[in-house]
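What follows is a single structure, written as structure tokens, with notes after it.
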Amino acid sequence: MATFSSRFTSRRKRGAEAADLPPGQYVTSGFPVLSAGPTPQVPLDVWRLEVGGEQGVVQSWTWDEFRGLDAEKVTVDVHCVTRWSKFGTTWTGVPVEALLTDVELDGDFVVASSYGGYTTNLPLEDLLDGKAWVAFEYEGEPLDPEHGGPARLLVPHLYFWKSAKWLRGLRLQDEDEPGFWEQLGYHEYGDPWREQRYWGD
Ligand SMILES: Nc1nc2c(c(=O)[nH]1)N[C@H]1C(S)=C(S)[C@@H](COP(=O)(O)O)O[C@H]1N2
Ligand SMILES: [Mo]
């Protein structure tokens, strides 16, 4: 009884309820690391974040320039396609929209690419309007390399494979182009609430 009610209390405190759990997911309190390859080592003095389109890179930020941008703190739930969800994770990041406002680019689709070669694709609109960040802190601390530090994409309303770790660039394009997991059979969009795990879901 005591365990049950204290668990209920702590979940209430986080504002998370069973209704916050997408179908087929379970809640974990740990923070699993899921990486398709080794963790890239990117020294901050060579780190760049690049935004571009079919014409190439049109804007880039050094680490100091990036950290000079307005950032916000957000608390969100994240959902991995391997079925774990983590409630109430707190991140500090730059809204993706802020990175795209001063650039003249065409295209409704984005390929996010990472140091190490990982890629993932998203519709542009899923990165705007406060739906996505380039996060550099987790729970108030610099983001661990294993979890994507120095900086990663955070797109909590889609399955977590869309949140590219070790983000290096965003490229806008006219056509949707499947990324690393999408080419291997993961869903091109990946809405956890519609259980879009694999092609055809
Ligand atoms: N660059 C890169 N980003 C990535 C991955 C990866 O392998 N490489 N894995 C994705 C997957 S499948 C998930 S579930 C999350 C895991 O993030 P975490 O290791 O911080 O839990 O990162 C996503 N972003
Ligand atoms: Mo994942």
Side-chain angles (χ1 to χ4, degrees), residues 14 16 20-44 46-51 63 66 73-94 96 99 110-123 126-127 131-171 177-199 201:
R14 287 201 303 268
D20 296 321
L21 192 62
Q25 296 292 110
Y26 66 88
V27 179
T28 182
S29 57
F31 194 0
V33 170
L34 276 100
S35 302
T39 296
Q41 305 294 325
V42 192
L44 292 184
V46 300
W47 183 93
R48 296 285 184 283
L49 179 61
E50 299 174 331
V51 163
W63 180 254
F66 169 71
K73 207 165 209 179
V74 293
T75 298
V76 295
D77 301 340
V78 295
H79 311 291
C80 174
V81 72
T82 64
R83 297 185 184 273
W84 57 267
S85 290
K86 189 167 172 58
F87 285 158
T89 62
T90 299
W91 308 79
T92 315
V94 174
V96 174
L99 302 168
V110 177
V111 174
S113 57
S114 299
Y115 289 96
Y118 184 87
T119 57
T120 189
N121 57 304
L122 313 95
D126 286 81
L127 295 178
K131 293 197 285 282
W133 297 266
V134 178
F136 53 87
E137 280 180 1
Y138 177 72
E139 306 294 347
E141 300 289 334
L143 189 54
D144 277 348
E146 286 177 324
H147 286 297
R152 76 180 296 167
L153 197 57
L154 174 66
V155 193
H157 71 286
L158 299 177
Y159 280 123
F160 207 28
W161 88 76
K162 298 287 183 181
S163 295
K165 301 197 280 189
W166 317 297
L167 187 67
R168 175 178 196 160
L170 300 171
R171 189 176 75 241
E177 179 186 324
F180 177 81
W181 282 119
E182 293 84 3
Q183 289 172 41
L184 293 171
Y186 282 34
H187 198 276
E188 59 173 339
Y189 183 64
D191 178 353
W193 295 97
R194 290 185 278 166
E195 264 203 282
Q196 294 174 336
R197 298 177 192 274
Y198 310 110
W199 292 350
D201 283 351

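Order of listing sets the numbers, starting from 1, for every ligand and every atom in it. The structure presented is a predicted model; accordingly, all values stated were derived computationally and were not measured.
Contact of the Leu143 side chain with the Phe136 side chain is not registered, since no non-hydrogen atoms from C-beta on lie closer than 4.5 Å. The shortest side-chain heavy-atom distance between Leu158 and His79 does not fall under the 4.5 Å cut-off. In this structure, the side chains of Val96 and Leu153 come closer than 4.5 Å at one or more pairs of heavy atoms.
Using 4.0 Å as the threshold, Gly148 has no heavy atom nearer than that to any atom of ligand 1. The closest approach between a heavy atom of Ser35 and any atom of ligand 1 is below 4.0 Å.
Residue Trp166 touches ligand 1 through its side chain alone, judged by heavy-atom distances below 4.0 Å. The side chain of Phe31, and not its backbone, has at least one atom closer than 4.0 Å to an atom of ligand 1 (non-hydrogen atoms only; side chain from C-beta on). At a heavy-atom cutoff of 4.0 Å, ligand 1 is contacted by no atom of Tyr186, backbone or side chain.
Checked by distance only, ligand 1 and Ser163 come closer than 3.5 Å through their nitrogen or oxygen atoms. Annotation: Trp181 places no N or O atom under 3.5 Å from an N or O atom of ligand 1; distance criterion only.
Of the listed residues (Glu146, Arg168, Arg152, His147), the one carrying the non-hydrogen atom nearest atom 17 (O) of ligand 1 is Arg152. Compare Ala36, Gly37, Cys80 by their heavy atoms: the one nearest to atom 14 (S) of ligand 1 is in Cys80.
For atom 9 (N) of ligand 1, the closest non-hydrogen atom on the protein side is Leu34 O, 3.1 Å. Given atom 19 (O) of ligand 1, the protein heavy atom at minimum distance is Lys165 NZ, 2.6 Å. For atom 13 (C) of ligand 1, the closest non-hydrogen atom of the protein is Phe160 O, 3.7 Å. The protein non-hydrogen atom at the shortest distance from atom 12 (S) of ligand 1 is Trp161 CB, 3.4 Å.
Considering CH2 of Trp199 and NE2 of His187, their distance stands at 11.5 Å, rounded to 0.5 Å. Rounding to the nearest 0.5 Å gives a distance of 9.0 Å between OG1 of Thr92 and CD of Glu139.
Atoms of ligand 1 lying under 4.0 Å from at least one heavy atom of Trp84, given by number and element, are 21 (O). Ligand-side atoms of ligand 1 in range of Pro32: 18 (P), 19 (O), 21 (O), range being under 4.0 angstrom from any heavy atom. Close contacts of ligand 1 with Ala164, meaning ligand atoms under 4.0 Å from a residue heavy atom, involve 3 (N), 24 (N). Annotation for ligand 1: atoms under 4.0 Å from non-hydrogen atoms of Ser114 are 1 (N).
No hydrogens or angles considered: nothing links the side chains of Glu146 and Ser35 as a donor-acceptor pair under 3.5 Å. A donor atom on one side chain and an acceptor atom on the other are not found under 3.5 Å apart for Thr119 and Ser113.
The main-chain N or O of Asp191 is found under 3.5 Å from a side-chain atom of Gln196 such that the two form a donor-acceptor pair.
Note: Phe31 and Trp84 have perpendicular aromatic rings, judged against thresholds of 30 and 60 degrees for the angle between ring planes. Ring geometry for Phe180 against Tyr118 counts as tilted: the plane angle lies between 30° and 60°, on a 0 to 90° scale.
In this structure, Tyr186 has its ring center no closer than 6.0 Å to that of Tyr159.
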